[in-house]
Every structure is written in structure tokens, then in C-alpha cells.
Amino acid sequence: MKRQSLHNIQDGLFDVLVIGGGITGANVLWDATLRGMRSILLEKNDYASGTSQATSKFIHGGLRYLKNMELSLVRESLRERRTLAKITPHAVRPLEFLIPVYSLSEKLLLRLGMFLYDKLSFDKNHSISSDVMLPPYRFYNREETFHKAPQVRREGLLGSFVYFDYTNTNPERHTTEFIFSAKNRGAQAFNYVEVKSVKANSEFYLVQFQDRLSGEELQVKTKVVINASGPWADFTDSLAGVTTEKKLLRSKGIHVVTRKICREQCDVIKKKDGSHLFVIPWRNKTIIGTTDTKFATHPDELHVTREEILDLIEEVNHSYGFADLTLNDVDFYYAGLRPLVEDSKHLGDTYNASRKSEVMDYGDKGFPGYFSALGGKYTTSRAVAQSVVDKVAAYLKESYPACTSEKTPLDAGNYADLKTLVKDMQRKYPTVDGEKVETLCSRYGNTTGAILQEKQGGVCVLANGEKLYGEEIAFIAKNEDVHFASDFYFRRSGAGVPGLPLQEEQDKILQILQATLAWDDAKVKQDAVEIEKRYRF
């Protein structure tokens with residue numbers, strides 16, 4: 001089926017074209033749109049289908065980066081943590097982290113780290129919703145630690161430090177909310193559109209691309225190109241003939257979703273090699289991760305092996321008492337690539353390599369108006385986007401306003417606090433069940449009102465026991481560029497991430513998608529097969 005609007009974009013000239021629909025590209029599109037730039041984003045797969053869907057579900061300051069004395073990176077991360085709590089309060093929740101301590105030197109170093117972390121986050125609760133405010137850190141003695149985390153190794157335990165960051169329950173959806181908020185303000189964005197070449201002339205860039213849904217090859221003109229393709233950045237640069245000065249180092253990280261083995265705090269445990277592993281409470285399941293290994297092949301070839309899953313399980317069973325996990329306990333798994341800018345201090349070392357970002361301006365290399373955003377981390381993506389768009393504004397020499405993305409809520413985040421939002425929705429929709437209203441508000445924030453206007457009814461039960469309502473399925477299908485059932489399952493709703501729902505529940509979801517999007521039976525059957533493949537290992 002042709003997307004007619006793709007033909008329409010061939011007319012006229014864009015100010016900014018963003019390549020890549022992950023969290024960085026999404027933030028660039030949002031920032032540029034807020035400033036009044038005519039902007040478009042192209043993503044060759046689905047939005048948030050790369051690194052942005054493979055996080056540990058954290059919005060965090062990066063406590064461990066203090067080990068390398070990267071104080072400016074930690075401060076930036078903590079500042080951006082608060083910003084995300086301010087503009088997307090529906091997407092973050094306070095999460096307690098517990099770090100066991102086994103030596104006096106470790107206790108001293110961690111106390112110093114906690115002190116610095118606390119001082120660098122001095123404004124953490126300033127101008128944010130009361131339901132996302134973060135408590136201070138504290139130290140638990142040996143007995144208190146046993147009570148809170150009976151699974152941690154007891155031999156030699158002195159106690160534990162506890163501190164707070166945020167959990168981001170569905171970073172895939174969170175990423176797309178920047179894109180859809182920008183589209184609601186006039187931006188253009190398309191998934192399943194692959195850029196094939198970028199050609200410059202004296203006035204603009206001619207970007208040729210293929211619609212992967214129809215197979216058509218089209219083109220668009222733009223004054224500026226921003227490469228925000230993460231682990232694919234160097235390959236994208238080559239499409240324009242750009243030779244990057246910085247070497248991109250790709251780090252592979254995998255996670256597994258298992259039956260619940262931890263309590264309500266995230267336990268930070270040490271692996272055999274001394275690196276850290278998180279045991280994370282998430283949606284009545286546990287996420288275990290992440291690994292950190294150098295990845296030397298093409299990003300398109302990323303996959304998780306059975307051996308990698310077994311190795312991760314073995315690490316947890318060795319370091320975390322009473323886990324006793326087997327492959328049968330793995331309900332889901334995922335992998336992502338961290339795009340790191342290699343530096344001389346940690347050559348080839350992905351675990352200790354900096355998570356700093358760099359914005360490359362290739363104007364002096366013969367490519368004026370071509371920019372690449374390299375490295376960085378999910379939490380700091382908004383700040384990276386601001387830096388990029390500031391450079392774009394200076395290049396275009398137009399009277400664009402200053403960046404406002406730091407204080408402008410996304411559509412879903414535009415409310416005072418969750419309790420008030422729930423009351424407002426209950427007042428506007430008095431006949432709707434209270435549990436449904438609370439659930440939708442916690443997932444979708446201020447978008448809940450639009451969802452409740454859907455006429456679709458019904459409820460599905462997911463693998464973790466959560467309820468998924470017909471109204472949210474229909475709303476997402478209609479409004480959020482869903483072209484395959486996997487888009488809905490794994491990125492818009494997160495319905496499939498806790499595990500494969502029972503067959504009857506899958507059928508309910510697929511029936512609503514089919515009815516809403518007018519899919520034929522053959523497509524529904526094929527999409528169901530592709531979803532089932534995602535759980536094999």
C-alpha cells in the first residue's frame with residue numbers, strides 16, 4: 001500500500017532531515033520542530049527498534065562514571081534526569097538501587113561516590129511532579145541489608161548503600177512520544193524508509209530513499225542533514241561520502257526477562273570479572289543485564305545467542321542466591337549496541353569507555369549543513385539534540401528562537417501530577433472503571449483522554465498479568481504508524497516484552513489490530529508467525 005504523504009514530501013524544501021528514529025533522532029526532531037524548522041525524520045526500520053529498545057529501563061545519572069572522574073558527564077546526566085522527569089513524568093518512576101559492600105575500602109569509596117552523586121544532583125527535585133521526587137541515599141547495616149535483599153552474597157557482607165534513580169518502564173514508547181509530539185506540531189516522520197544516498201549541491205542536499213513497505217524509490221530535498229543513526233552512524237556517513245574523524249566503537253549489551261526473583265529494589269551485583277550486573281524489578285518480572293562486549297560486525301547482524309543467555313543465567317546463579325534460573329525461566333531477551341566514541345584512554349575497552357557524546361560538523365570537510373551526533377546515552381539525548389540544533393540554527397542563519405525542549409512537556413507529559421490527572425479523567429469519564437483510568441493514566445499520561453474516546457472495548461491479559469485495554473490498542477493502531485503487529489507488541493505498547501501472551505489473548509490483540517487497520521487474514525497470520533519467532537532461542 002502506497003503512503004501518499006511520502007510522495008508529497010518530494011515537493012518543497014525541508015530545513016532539517018534527520019536520519020535515525022532512535023532516542024537521539026527523536027529528540028532532534030522534537031527540538032527542531034519546537035524552534036519552527038520544517039523538519040522530517042526517516043527511519044529504515046521501526047522507530048526505537050535499535051539501541052533505544054535495548055536499555056536497562058533506567059533514566060540515570062551514571063554513578064559508575066564517577067570512577068573515571070567524569071564529573072561533567074555525571075552532572076549533565078543528573079540534570080537531564082530531572083528534565084525528563086519534568087517533561088515526561090508519566091514515563092519515569094523512582095527506583096531504589098542497592099549496592100552490597102564487602103570491604104572497608106569499598107565502603108569508603110562508595111560513600112565518597114554517594115556524596116558526590118548527591119551533591120551533583122542538588123536540584124533533583126526542583127520543579128517536578130511530587131510523585132517522581134527522589135529520596136536521599138542511605139547506608140544499611142548488615143542485618144538491614146539481609147532483610148531488604150536476602151539474595152545477595154552474605155559472606156563478608158558489611159552492609160549496603162541505597163540510592164535512587166528512575167526506571168523508564170517502556171523506553172521504546174517513550175522514544176516514539178517525542179516523534180509523535182513533533183508530528184502533532186507539523187513535523188514529518190516515517191518508519192520503514194531507508195536512506196540510500198545523500199548528494200550535495202550548492203543549495204541543498206538531495207536525499208534518495210526507499211519506502212520499504214512499497215519498494216518505491218523517492219527523493220527529498222533538505223538544507224541540513226543530521227545523522228542520528230547511532231551504531232549505524234559511520235555507515236550513514238559513507239552514504240554522503242563523509243569520512244568521520246572519530247572511530248565508533250560498538251558495545252553489545254544483552255538483557256533477559258525472567259520470572260520474578262528480586263524484591264522491589266534493583267540489586268547491583270558483581271560478576272566474576274568484577275563488572276556489575278543489575279537484577280531489576282520490572283512489571284512483575286525481573287530484568288537481568290547488562291553485558292558489555294565489543295561488537296565488530298555490521299549492526300544489522302546483531303542477535304542474541306543461546307550461549308549468551310546461558311552465560312548470563314550462570315552469572316546470576318553464581319552471584320545471586322536462590323535464583324536457580326534455567327532457560328525455562330527466560331520469558332524474553334533483547335540486545336542492543338551502544339555507540340561509543342573511542343578515546344585514547346580506554347582503547348578497545350567498552351566497559352570503561354566514556355559515554356560522552358560528540359557532535360560533528362563537517363562543514364570544513366566540504367559538507368556544509370551535514371552534522372553527525374555520535375556516542376551519548378539515552379538519558380542525555382535531549383541535551384545532545386539541543387547541541388545539534390543550536391549548530392543547525394547558526395548554520396541556517398535564520399532568527400529561530402532558543403531551545404525550549406528543556407521546559408516543554410511532551411503531549412503525554414503535560415499534567416501537574418498523576419493523582420490530579422486521574423481525578424480529572426475520572427470526572428470527564430465517570431462511567432469508565434476506575435482501575436482502567438488509573439492504569440491508562442500511569443501508562444499514557446495526558447494522552448489518556450484521547451484513548452478513552454475510542455469506542456473499542458475489551459480487555460486482554462498479558463504474560464505478567466497486566467491488563468491491556470481495547471481502547472489503547474485501537475488508539476495506538478490508528479495514530480502511531482503501526483505497520484506490523486510487532487511494532488505494537490514490542491515498541492508502542494510493550495505488550496510482548498514480559499513474555500508471549502496466551503494464544504487467546506494474542507488473538508484478541510490481533511483481532512483489534514486487524515479491524516482497526518483493515519489487515520487481511522494472510523497478513524495477520526504472517527505477523528503472528530513473526531511475533532512467535534521473537535521468543536525462540
Side-chain angles (χ1 to χ4, degrees), residues 53 57 88-93 95 131 167-174 176-177 257-260 264 280-287 331-332 412 415 418-419 421-480 482 485-517 524 527-528 531-532 534-535:
Q53 60 82 36
K57 317 294 185 186
T88 62
H90 64 292
V92 303
R93 292 290 180 272
L95 177 64
D131 38 72
T167 182
N168 180 10
T169 305
N170 190 344
E172 305 93 319
R173 175 167 189 84
H174 186 228
T176 63
E177 286 176 332
V257 180
T258 72
R259 61 177 168 83
K260 188 173 182 178
E264 296 312 308
I280 310 159
W282 181 80
R283 295 176 63 185
N284 204 34
K285 297 280 187 175
T286 293
I287 294 177
D331 298 309
F332 194 68
Y415 63 92
L418 189 59
K419 184 177 180 180
L421 177 66
V422 170
K423 286 184 176 180
D424 287 345
M425 290 298 137
Q426 288 175 331
R427 185 171 60 253
K428 291 177 182 177
Y429 302 94
T431 62
V432 178
D433 177 72
E435 179 189 2
K436 179 188 289 190
V437 172
E438 290 186 22
T439 299
L440 294 178
C441 285
S442 67
R443 287 178 186 163
Y444 304 104
N446 197 47
T447 308
T448 299
I451 292 171
L452 288 174
Q453 291 176 30
E454 292 291 334
K455 303 303 180 185
Q456 177 68 52
V459 61
C460 309
V461 180
L462 304 181
N464 61 346
E466 289 179 357
K467 292 180 180 179
L468 185 72
Y469 296 100
E471 291 92 334
E472 57 188 303
I473 301 173
F475 177 86
I476 290 171
K478 285 180 183 179
N479 297 284
E480 298 185 356
V482 172
S486 58
D487 300 339
F488 176 83
Y489 262 73
F490 304 121
R491 288 170 291 279
R492 303 302 183 276
S493 69
V497 183
L500 184 65
L502 295 174
Q503 188 61 56
E504 62 181 291
E505 306 301 328
Q506 293 181 62
D507 291 342
K508 293 178 187 176
I509 296 171
L510 290 171
Q511 286 167 7
I512 296 174
L513 292 175
Q514 180 177 20
T516 306
L517 294 168
V524 172
D527 279 16
I531 287 171
E532 192 275 332
R534 187 59 186 79
Y535 297 89

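- A distance-only check finds no donor-acceptor pair linking the side chain of Glu505 to the backbone of Leu502 [under 3.5 Å].
- When each of Lys285, Arg283, Arg534 is checked for a salt bridge (charged side-chain N to carboxylate O under 4.0 Å, His left out) with Asp331, only Lys285 meets the rule.
- One N or O on the side chain of Gln506 and one on the backbone of Pro501 form a donor-acceptor pair closer than 3.5 Å.
- Once rounded to the nearest 0.5 Å, the distance linking CG of Asn284 with NZ of Lys260 reads 5.5 Å.
- How far CG of Asn168 is from CG of Leu95: 11.5 Å, rounded to the nearest 0.5 Å.
- Between Lys467 and Glu435, the shortest heavy-atom contact is NZ-OE1, 3.4 Å.
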| task | Kindly indicate, with the supporting measurements, whether the criterion side-chain contact (heavy atoms from CB on, under 4.5 Å) is fulfilled by Tyr444 and Ile476. | result | CA-CA 11 Å; Tyr444 304 104; Ile476 290 171; 3.7 Å; yes

| side-chain contact (heavy atoms from CB on, under 4.5 Å) between Asn170 and His174, worked out | CA-CA 6 Å; Asn170 190 344; His174 186 228; over 6 Å; no

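- Here the side chain of Thr167 pairs no donor or acceptor atom with the backbone of Arg93 at under 3.5 angstrom.
- Between Glu172 and Lys57 there is a salt bridge, since at least one side-chain N of the basic residue sits less than 4.0 Å from a carboxylate O of the acidic one.
- Distance SG/Cys460 to CD/Glu504: 9.5 Å, rounded to 0.5 Å.
- At a cut-off of 3.5 Å, with distance as the only test, no side-chain donor of Asp507 or Gln511 sits close to an acceptor on the other residue.
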| Going through the checks in order, is the side-chain contact (heavy atoms from CB on, under 4.5 Å) test met by Trp282 and Asn464? | CA-CA 10 Å; Trp282 181 80; Asn464 61 346; 5.9 Å; no

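- In this structure, Ala474 and Ile512 approach most closely via the heavy-atom pair N-CG2, 4.1 Å.
- Glu471 and Gly458 make their closest contact through OE1-O, 4.4 Å (heavy atoms, listed as atom of the first residue, atom of the second, distance).
- Within the model, atoms NZ of Lys436 and OH of Tyr429 stand 12.0 Å from one another, a figure rounded to the nearest 0.5 Å.
- When all heavy atoms of Ala463 and Pro498 are compared, the closest pair comes out as CB-O, 4.0 Å.
- Side-chain atoms of Gln456 do not come within 3.5 Å of backbone N or O of Gly470 as any donor-acceptor pair.
- In terms of the side chain to side chain donor-acceptor pair (under 3.5 Å) criterion, Asp433 has no residue partners (sequence neighbours excluded).
- Of all the heavy atoms in Phe332 and Gly496, the pair that sits closest is CD1-O, 3.9 Å.
- Going from atom NE2 of His90 over to atom OG1 of Thr447 covers 6.5 Å, rounded to the nearest 0.5 Å.
- Closest heavy-atom contact between Val482 and Leu517: O-CD1, 3.8 Å.
- Applying the side chain to side chain contact (heavy atoms under 4.5 Å, CB included) test to Asp424 and every residue at least two apart in sequence or in another chain returns Thr420, Arg427.
- Atom NZ of residue Lys478 and atom CD1 of residue Ile473 lie 13.0 Å apart, to the nearest 0.5 angstrom.
- Side-chain N or O atoms of Thr448 include one that pairs as donor or acceptor with a backbone N or O of Gly445 at under 3.5 Å.
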| Stepwise side-chain contact (heavy atoms from CB on, under 4.5 Å) check, Phe475 with Gln453 | CA-CA 9 Å; Phe475 177 86; Gln453 291 176 30; over 6 Å; no

